[in-house]
Colleague: 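Shown below is the structure under consideration.
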Amino acid sequence: MVAEVIIDISHKNLDHTFSYRIPERLKADVQVGSKVEIPFGKGDKIRTGYVVELDEEVKKENASYTLKEIAGIVPKSVSAEENLVALADFIHRRYGSTMINALKTVLPVKKASNKKVRQMIVSDVPEITIRQGIQIAEGKKQRAKVRLLEELLRSNRLSYSLVTGKLNVSSSTIKSLEKDGFLSIEVMQSSDTPFAFRKEEDAIPTLSDEQRTVVESIEADRKVHPFGEYYIYGITGSGKTEVYMRLIENCLNEGKQAILLIPEIALTYQNLMRFYRRFGNKVAVVHSKLTDSEKFEQFEKAKSGEISIMIGPRSALFTPFPNLGMVIIDEEHESSYKSETMPKYHAREVAAELCRLSLSSLVMGSATPSLESFSRIQKGEIKCFKLNKRLTGGELPSVHIVDMKEELQSGNRTVFSAKLATLMQDRLEKGEQTMLFLNRRGYAGSILCRDCGEVIKCPHCDISLSEHRGGVLMCHYCGYMTDMVKKCPKCGSAKVAGFRAGTEQIEEEIRKRFPQAVVLRMDADTTKKAEDYEAILSRFASREADILLGTQMIVKGHDFPGVTLMGILLADTSLSHNDYRAAERTFQLLTQAAGRAGRASSGGETVIQTYQPEHYAIVHAANQDYEGFYKEEIEYRDFMEYPPCGHMLCVQFFGPDWNRLSRLSLGLTKEVSELFTEDAPKQIGPGKAALGKKNDIYRQVVYYKHHSTEPLTKIKDFMEERIQTLSLNREQLQFDFDPMNTF
Ligand code: ADP
Ligand code: ZN
Ligand code: ZN
């Protein structure tokens with residue numbers, strides 16, 4: 001037996017492994033991930049390394065050497081590095097990727113960085129002067145100036161790019177304020193903290209009784225259970241973040257560190273500033289816009305103890321803290337926590353493993369928990385605490401469900417129901433703001449009857465069919481194909497068609513019907529640059545527009561006190577989206593969206609326009625009733641054996657030659673079927689993937705379903721082995737456990 005060993009573990013060294021023979025006495029103990037002692041170099045100095053691969057025999061290129069032997073195994077300890085290697089091993093086993101690739105996921109890339117300089121906006125003038133400046137700017141309606149000056153009241157050092165980006169203040173505005181003596185521009189090194197704080201920090205609120213109970217219960221439980229999982233279940237504004245901050249503070253007091261995962265889209269200026277103001281320069285942030293070397297720098301600071309709190313999306317999990325105490329996952333239900341590239345890991349599962357390894361606590365929070373987590377709460381595996389009260393004031397809006405089939409019957413062919421149009425007119429007259437959410441998920445061609453709301457589904461999978469070129473309908477799970485239907489199978493109506501409405505068309509229609517309204521549109525086209533997103537939000541927040549029209553992006557966690565009407569157009573397109581999570585996703589989106597109106601005061605209203613007014617996802621979302629939704633949805637998952645009631649493995653095959661690819665997928669799946677004599681996983685496919693060909697590479701897909709993960713892992717292991725014996729490229733096969741999307 002031969003082991004491939006990495007010495008001096010780092011991202012840079014991952015491609016240089018060294019082969020060592022495993023002596024008989026160590027055979028049972030050496031595994032992938034083991035830390036071993038090996039003789040190295042001319043003097044055979046003993047060094048330590050990690051085993052990343054085991055082979056039966058010596059690789060050809062090494063055949064002429066006499067391999068040295070592994071000298072011994074280093075007992076496991078709990079350093080940050082060893083936790084990360086163990087985590088990589090978990091990812092490699094659980095999700096199917098090489099150990100090297102898994103290590104590449106968890107270890108930061110070290111890159112020589114030419115220190116980037118950063119420009120800072122610094123203000124030394126007294127507060128009173130700034131307040132006078134604000135008054136003058138307000139009088140002249142110079143909104144950008146007001147925004148920047150107000151921010152300078154809170155912190156007197158701001159990063160230049162943050163101001164031009166997130167606050168949407170142009171450089172000419174900054175120059176003009178510089179000329180008037182309100183600020184100056186300085187240059188600093190990139191690793192310095194980009195903020196400084198005036199003395200008047202946010203007052204730390206006294207916890208509500210509910211919040212105090214949560215903090216105290218978790219603290220008490222952590223003392224007896226070194227590794228525990230907790231859930232804080234409460235609507236937006238119920239005080240979850242404040243609870244996170246208390247728990248983090250306690251961690252720091254114990255000399256430990258904390259990781260807070262937040263979906264990228266919620267890493268907004270306001271959210272981050274809240275943490276900076278509370279914890280100052282103990283906080284670091286990683287996000288997708290950082291370069292590799294900037295990210296590396298943040299991780300080095302974590303290692304050296306310079307910072308104690310890391311905030312960021314998925315990859316923040318791999319922060320090498322020396323003494324991790326807690327991982328918090330906010331908006332736990334978000335699908336962005338699942339990686340869409342190999343290894344396709346789920347941050348929630350990896351976080352749980354990290355907490356097990358490092359004896360830390362895992363805290364999750366959401367208003368609409370994932371079905372996975374809520375079913376574990378029901379089983380008592382996660383301790384759940386509920387926050388019932390909204391601390392921001394304001395009442396839940398009243399919700400109207402409008403049946404769009406009736407609108408059509410009464411001759412209304414526009415996208416706005418009579419109810420919504422009337423309310424929009426009313427808000428315009430009162431000078432209040434409206435948000436319009438176009439639910440476009442699944443817009444890629446589901447077929448729906450405009451008379452009865454029936455969605456055309458696959459007879460084998462209960463998943464909606466999608467329209468493809470040439471008028472064929474196809475199931476993305478099993479490959480079932482049929483001609484485009486001419487009539488609704490339920491009511492016989494000829495009005496069956498796919499959805500075609502986009503934000504642009506709707507914007508046009510608003511301009512025609514409400515010519516006096518100022519409209520902002522937010523979608524993929526208007527937010528090409530990262531700053532655009534915050535710029536639109538901040539313009540809407542400062543009431544530069546009456547109506548904000550947009551896709552999913554407008555729904556996530558932003559408070560607009562001026563909004564008293566939320567219109568949800570096409571609520572059910574995401575219901576007909578072709579995968580088993582469609583109802584869950586729709587419920588989450590609608591619940592969030594419905595809660596948007598009426599933050600500030602009473603009188604908020606939400607209109608949900610739908611073709612399926614009686615669908616349980618829509619009815620429960622209108623009532624903000626998560627548990628009601630959960631009960632119905634879990635029954636469906638149970639009946640169909642979809643996660644979390646069963647498990648799924650999706651295997652994707654890639655190749656340039658369609659015939660060879662078909663033979664490969666058919667051959668491999670046949671061999672797999674011979675692996676099991678009883679209780680075999682259910683096989684669906686292989687079939688053409690939804691995206692059947694990309695860049696001249698064909699794609700096939702096969703799904704396996706089973707009530708436990710073990711046989712699915714067995715299939716994955718078997719296929720991986722076959723890739724090697726068939727000398728196939730590893731890139732030709734990808735594995736996805738409990739997929740978030742279908743392919
Ligand atoms: P969530 O994370 O559930 O949306 P937050 O923690 O952000 O809730 O709280 C919502 C708002 O209420 C914030 O503006 C926050 O500052 C405020 N808040 C939170 N806890 C308290 C408290 N105990 N007393 C007063 N205000 C609070
Ligand atoms: Zn099917
Ligand atoms: Zn019909």
Side-chain angles (χ1 to χ4, degrees), residues 150-151 154-155 197 200-219 230-251 258-279 283 285 309 311-313 326-334 337 362-370 373-374 384-397 537-538 541 554-563 566 588-589 591-601 604 624 626:
E150 277 179 347
E151 212 48 49
R154 315 190 83 159
S155 36
F197 310 92
E200 39 149 353
E201 287 165 12
D202 281 5
I204 298 178
T206 317
L207 292 183
S208 69
D209 289 347
E210 271 187 350
Q211 285 173 317
R212 189 150 24 79
T213 310
V214 179
V215 173
E216 284 171 3
S217 309
I218 293 180
E219 284 306 328
Y230 311 93
Y231 211 103
I232 304 173
Y233 165 39
I235 54 171
T236 313
S238 61
K240 296 186 295 295
T241 308
E242 185 59 41
V243 170
Y244 303 154
M245 294 204 279
R246 297 305 170 97
L247 292 169
I248 290 173
E249 194 183 320
N250 288 337
C251 264
I259 295 171
L260 171 63
L261 300 190
I262 293 185
E264 182 99 31
I265 198 152
L267 277 177
T268 57
Y269 183 76
Q270 263 73 18
N271 281 344
L272 292 179
M273 281 312 277
R274 226 171 132 186
F275 282 87
Y276 278 116
R277 277 199 290 273
R278 183 73 57 93
F279 296 107
V283 180
V285 177
I309 303 163
I311 302 178
M326 183 174 284
V327 178
I328 300 170
I329 308 181
D330 191 29
E331 304 290 341
E332 171 274 336
H333 63 276
E334 275 287 318
Y337 284 129
L362 178 60
V363 177
M364 296 170 271
S366 169
T368 53
S370 67
S373 293
F374 206 73
C384 181
F385 303 92
K386 196 163 177 191
L387 292 177
N388 291 298
K389 283 201 244 15
R390 191 180 236 184
L391 298 168
T392 36
E395 282 161 36
L396 285 176
L537 291 179
S538 91
I554 67 168
V555 176
K556 315 272 170 179
H558 295 274
D559 272 343
F560 300 109
V563 173
M566 177 82 194
Q588 288 165 351
L589 268 174
T591 310
Q592 275 184 334
R596 296 282 85 179
R599 275 295 150 78
S601 58
Q624 306 264 316
Y626 175 80

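Start at 1 and go down the list; that is how both ligands and their atoms are numbered.
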Colleague: Taking only non-hydrogen atoms of Ser208, do any sit less than 4.0 angstrom from ligand 1?
Modeller: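 In this structure, Ser208 qualifies as a contact of ligand 1 - some heavy atom is under 4.0 Å.
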
Colleague: Kindly confirm or rule out an N or O of Pro205 lying under 3.5 angstrom from an N or O of ligand 1.
Modeller: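 No, no N or O pair falls under 3.5 Å.
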
Colleague: Does ligand 1 have any atom that is closer than 4.0 Å to a heavy atom of Arg390?
Modeller: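 Under 4.0 Å: no for Arg390.
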
Colleague: Suppose I only count heavy atoms of Thr206 and a 4.0 Å limit; which atoms of ligand 1 are within that range?
Modeller: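 Ligand 1 atoms under the 4.0 Å threshold to Thr206: 22 (C), 23 (N), 24 (N).
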
Colleague: Do Ser208 and Lys389 come within less than 4.5 Å of each other through their side chains, counting heavy atoms only?
Modeller: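 No - every pair of side-chain heavy atoms lies 4.5 Å or more apart.
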
Colleague: Going by the order shown, which atoms of ligand 1 are within less than 4.0 Å of some heavy atom of Glu242?
Modeller: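 Checking each atom against Glu242, I get 6 (O), 19 (C), 20 (N).
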
Colleague: Do any non-hydrogen protein atoms sit less than 4.0 Å from atom 10 (C) of ligand 1?
Modeller: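 Given the 4.0 Å cut-off, atom 10 (C) of ligand 1 counts as touching protein heavy atoms.
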
Colleague: Between Arg154 and Glu150, is the closest basic N to carboxylate O distance under 4.0 Å?
Modeller: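 Salt bridge flag = no for Arg154 with Glu150.
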
Colleague: What do you reckon, are the aromatic ring centroids of Tyr233 and Phe374 less than 6.0 Å apart?
Modeller: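 Aromatic pair counts; centres sit under 6.0 Å.
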
Colleague: Can you tell me which portion of Asp330 lies within the under-4.0 Å heavy-atom range of ligand 1? Options are side chain, backbone, both, or neither.
Modeller: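 No part of Asp330 comes within reach of ligand 1.
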
Colleague: Do Lys240 and Glu331 meet the salt-bridge criterion of a basic N to acidic O distance under 4.0 Å?
Modeller: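 No, this pair does not count.
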
Colleague: Is there side-chain contact between Gln592 and Thr368, with at least one heavy-atom pair below 4.5 Å?
Modeller: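 No. Closest side-chain heavy atoms not under 4.5 Å.
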
Colleague: Among all protein non-hydrogen atoms, which one is nearest to atom 7 (O) of ligand 1, and what is the separation to 0.1 Å?
Modeller: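 Of every protein heavy atom, Arg274 NH1, 2.7 Å lies nearest to atom 7 (O) of ligand 1.
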
Colleague: Considering the heavy atoms of Ile235, write down every atom of ligand 1 situated less than 4.0 Å from one of them.
Modeller: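 Near Ile235, meaning under 4.0 Å from one of its heavy atoms, ligand 1 has 3 (O).
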
Colleague: Gly237 heavy atoms, cut-off 4.0 Å: which ligand 1 atoms fall inside?
Modeller: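 Checking each atom against Gly237, I get 1 (P), 3 (O), 4 (O), 8 (O), 10 (C).
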
Colleague: What is the nearest protein non-hydrogen atom to atom 8 (O) of ligand 1, stated with its residue, atom name and distance?
Modeller: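 Of every protein heavy atom, Gly239 N, 2.9 Å lies nearest to atom 8 (O) of ligand 1.
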
